[in-house]
Each structure stands twice: as C-alpha cells, then as structure tokens.
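Remarks on the structure that follows.
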Amino acid sequence: VSQSRYIAGGEPFLQPQHDVFLDRLIDGGYAKNIVLEYDTNLSVMNKKILERLSKFKDIILRISTDDVGKQYELIRHPLKFDNLIKNMGMLKDYGLDKKIDTITTCIGIYSMYAPMRMYETFAPMGYDKYFIRILRSPKPVDMAYLPRKIKEGVINDYDGSNFLPHFHKTHVAGYLKNNFDLVDDDQAKQRMNSFVRYMESLVS
C-alpha cells in the first residue's frame, strides 16, 4: 500500500533525526511504498542524502528561494545562491531534478521583482513552475503600503513583461491594484521609513 509523508522544517535535511527516520524506513523495507514530499531551501545536500532518497517510491520537492543572486543572499543570509545552484545540480546527477514540483517564493518590498529574476534564471534550466506567496507580515515589508507612484511603476513593469507567465504577472500586479489606494502619500512615507528601519535591523 502506497503512503505519502509530508516533511517541512526547519530545514529537514539539516536534522540528524531525519537521516535516522529515512534509514528506518529503508531498512524496514517500507521505502519502496512511500512517497516523500518536502518543503526545503536545499541549502544542504550530499551523496548520502541522495542515495537514501533514491530508494523511495517517489519524491516531491518544493524548493523555497525568495530571489536569486545577491538579493537571495540578503534575504536568506548566510545562505549562498551558488550553493543552491550546486545542490540543484547534485539532484540532477541522481535523476532527482525532475522531482522538483515547484520553486516557491515569498514576495515583499525587497523582492517585488523576484518572479521576473527567478524566471530568467530558472526557466532556462528547465524549471518553470512557481508558487508565489505575498507577504503581509511583518507589515514593514508588505507591498500594499508602497507609495502610489511606485505601485504604478511596478504594475506597468509586470503588465509589460514579454516573458513572465500570465499567472505570475497578474499575481503581483493584481495584489498592488487591489491595494492601490490603501494609504495616502504621507502614510506611505511613514511605512517606507519603517521598512528602512526593519531592513537595517536585519544587517546590523
């Protein structure tokens, strides 16, 4: 009888007990009937993990990355984007790259163009399925509180994109349109000051 197990984090591949869990399923002869479903930032990967995963009936991976390059490293400090790409390459070595179901991202003020950058980076690698969450908390990073003029610019950039899939264009632009007049310019300025203080607190 096939069974499914959903595993999230903290980062699951960092947990020593996760290896024990997999080994017991493998040694007990259960792995061949089990589908493992993960949310992972893929910051940790090695041959031992890959060899264990390859023994299961199926693997479903959702890779969490909020942006690419330097933006990724700011948001996910101290993680390195090159390490993520290397680990995705290790999946490919074991034929597990096709088990990546989606690449997920949380969109806030600091990452409002992430879907465009991610699509340009990952689509040529064969990954073109994404799941976007709009951050509404903490409030300083919520795009709904951007000044009206900035919202207009972001909406125009998304509406005018020639390569981004329709759903991702409408997801971000639609959220901004739905909150277009949420705050006036003075309120937006106060919110932007809160955003700056919030970001400074992350790097101090």
Side-chain angles (χ1 to χ4, degrees), residues 8-11 14 39-43 62-85 87-88 100-125 127-204:
E11 174 51 39
L14 270 175
D39 279 340
T40 171
N41 61 30
L42 211 67
S43 60
R62 286 187 294 274
I63 309 300
S64 172
T65 170
D66 292 327
D67 213 314
V68 301
K70 291 181 179 179
Q71 292 87 352
Y72 167 92
E73 293 176 3
L74 171 65
I75 299 167
R76 291 296 181 96
H77 179 79
L79 303 184
K80 299 298 181 183
F81 188 68
D82 286 347
N83 187 60
L84 170 66
I85 298 300
N87 288 342
M88 292 175 77
I100 296 178
D101 180 64
T102 52
I103 296 177
T104 69
T105 182
C106 296
I107 306 298
I109 291 175
Y110 46 61
S111 58
M112 56 191 173
Y113 285 103
M116 292 186 179
R117 291 189 288 261
M118 290 171 63
Y119 193 82
E120 287 180 315
T121 300
F122 293 117
M125 298 168 59
Y127 307 115
D128 58 359
K129 293 174 64 179
Y130 306 100
F131 182 75
I132 296 173
R133 298 180 179 93
I134 302 293
L135 283 173
R136 302 186 183 188
S137 178
K139 283 189 176 181
V141 305
D142 187 346
M143 296 186 298
Y145 298 101
L146 285 167
R148 181 186 181 104
K149 189 170 183 179
I150 293 178
K151 288 178 183 174
E152 289 175 346
V154 176
I155 291 168
N156 289 337
D157 288 339
Y158 272 90
D159 286 345
S161 173
N162 294 321
F163 62 87
L164 198 66
H166 176 73
F167 171 76
H168 303 303
K169 292 170 64 170
T170 57
H171 198 109
V172 176
Y175 180 70
L176 293 176
K177 290 174 183 177
N178 289 338
N179 291 281
F180 201 61
D181 294 313
L182 180 64
V183 293
D184 60 29
D185 286 345
D186 288 339
Q187 291 170 321
K189 184 177 180 180
Q190 294 175 11
R191 292 285 184 175
M192 290 303 95
N193 289 335
S194 296
F195 169 70
V196 171
R197 290 194 297 271
Y198 175 79
M199 294 303 292
E200 286 176 342
S201 72
L202 298 181
V203 297
S204 60

Audit row: Met143, Asn179, side-chain contact (heavy atoms from CB on, under 4.5 Å) steps and yes/no = CA-CA 9 Å; Met143 296 186 298; Asn179 291 281; over 6 Å; no
ask   = How are the rings of Phe122 and Tyr130 set to each other: parallel, tilted or perpendicular (split at 30° and 60°)?
value = tilted
ask   = What distance do Met199 atom CE and Ile75 atom CD1 have between them, rounded to the nearest 0.5 Å?
value = 7.0 Å
Interatomic spacing from CZ in Phe180 to CG in Leu146 - rounded to 0.5 Å = 11.0 Å
inquiry  = Can a donor-acceptor pair be found, under 3.5 Å and without considering hydrogens, that links the side chain of Gln190 to the backbone of Gln187?
reply    = no
key: Electrostatic pair Asp181-Arg148, nearest N-O below 4.0 angstrom   = yes
message = Would you compute the distance between atom OH of Tyr127 and atom CD1 of Ile100 and round it to the nearest 0.5 angstrom?
response = 4.0 Å
query = Hey, which of Asn41, Thr40, Thr105 is the one that makes side chain to side chain contact (heavy atoms under 4.5 Å, CB included) with Ile63?
reply = Thr40
message = Tell me whether Asn83 contacts the main-chain N or O of Ser43 through its side chain, where contact means a donor paired with an acceptor under 3.5 Å.
response = yes
query = Quick one: which of Leu182, Ile150, Val154 gives a side chain to side chain contact (heavy atoms under 4.5 Å, CB included) with Leu176?
reply = Val154
Gap between atom NZ of Lys169 and atom CG of Asp159 - 0.5 Å precision = 6.5 Å
remark   = So CG of Asp66 and CE of Met118: to nearest 0.5 Å the spacing works out to 7.5 Å
request  = Please report the shortest heavy-atom distance between Thr104 and Thr102, naming the atom on each side.
outcome  = CG2-OG1, 3.8 Å
task = Taking side-chain hydrogen bond (donor to acceptor under 3.5 Å, both in side chains) as the test, write out the residues that go with Asn193, two or more places apart.
result = none
task = Indicate yes or no for a side-chain donor-acceptor contact from Asp39 to the backbone of Ala8 under 3.5 Å, with no hydrogens or angles considered.
result = no
ask   = Under 3.5 Å, side chain of Ser161 to main-chain N/O of Tyr158, donor-acceptor pair present?
value = no
query = Looking at Pro115 and Leu164, what are the two nearest heavy atoms and their distance?
reply = O-CD1, 3.5 Å
task = Please step through side-chain contact (heavy atoms from CB on, under 4.5 Å) for the pair Ile109 and Met192, ending with a clear verdict.
result = CA-CA 10 Å; Ile109 291 175; Met192 290 303 95; 3.6 Å; yes
message = Under 4.0 Å between a side-chain nitrogen and a carboxylate oxygen: does that hold for Asp101 and Lys129?
response = yes
message = Ignoring hydrogens and geometry beyond distance, is a side-chain donor-acceptor pair present between Arg197 and Ser194 at under 3.5 Å?
response = yes
ask   = Which atoms form the tightest heavy-atom contact between Met88 and Ile103, and what is the distance?
value = CE-CD1, 4.4 Å
request  = Measure up the Tyr72 and Phe81 rings against each other and bin them: parallel (under 30°), tilted (30 to 60°), perpendicular (over 60°).
outcome  = perpendicular
query = Is there side-chain contact between His171 and Ile107, with heavy atoms separated by less than 4.5 Å?
reply = no
key: Verdict with supporting geometry, Ile85 and Met125, side-chain contact (heavy atoms from CB on, under 4.5 Å)   = CA-CA 10 Å; Ile85 298 300; Met125 298 168 59; 4.2 Å; yes
ask   = So how far is it from His168 NE2 to Tyr119 OH, rounded to the nearest 0.5 Å?
value = 8.0 Å
ask   = Any idea which heavy atoms bring Val183 and Ala144 closest together, and the distance?
value = CG2-O, 4.5 Å
task = Without swapping roles, check the side chain of Lys151 against the backbone of Lys177 for a donor-acceptor pair under 3.5 Å.
result = no
Output side-chain donor-acceptor pairs under 3.5 Å for residues 132-141, partner residues at least two apart or in another chain, one line each.
none

inquiry  = Evaluate Arg76 against Leu84 for side-chain contact (heavy atoms from CB on, under 4.5 Å), listing each step before the verdict.
reply    = CA-CA 11 Å; Arg76 291 296 181 96; Leu84 170 66; over 6 Å; no
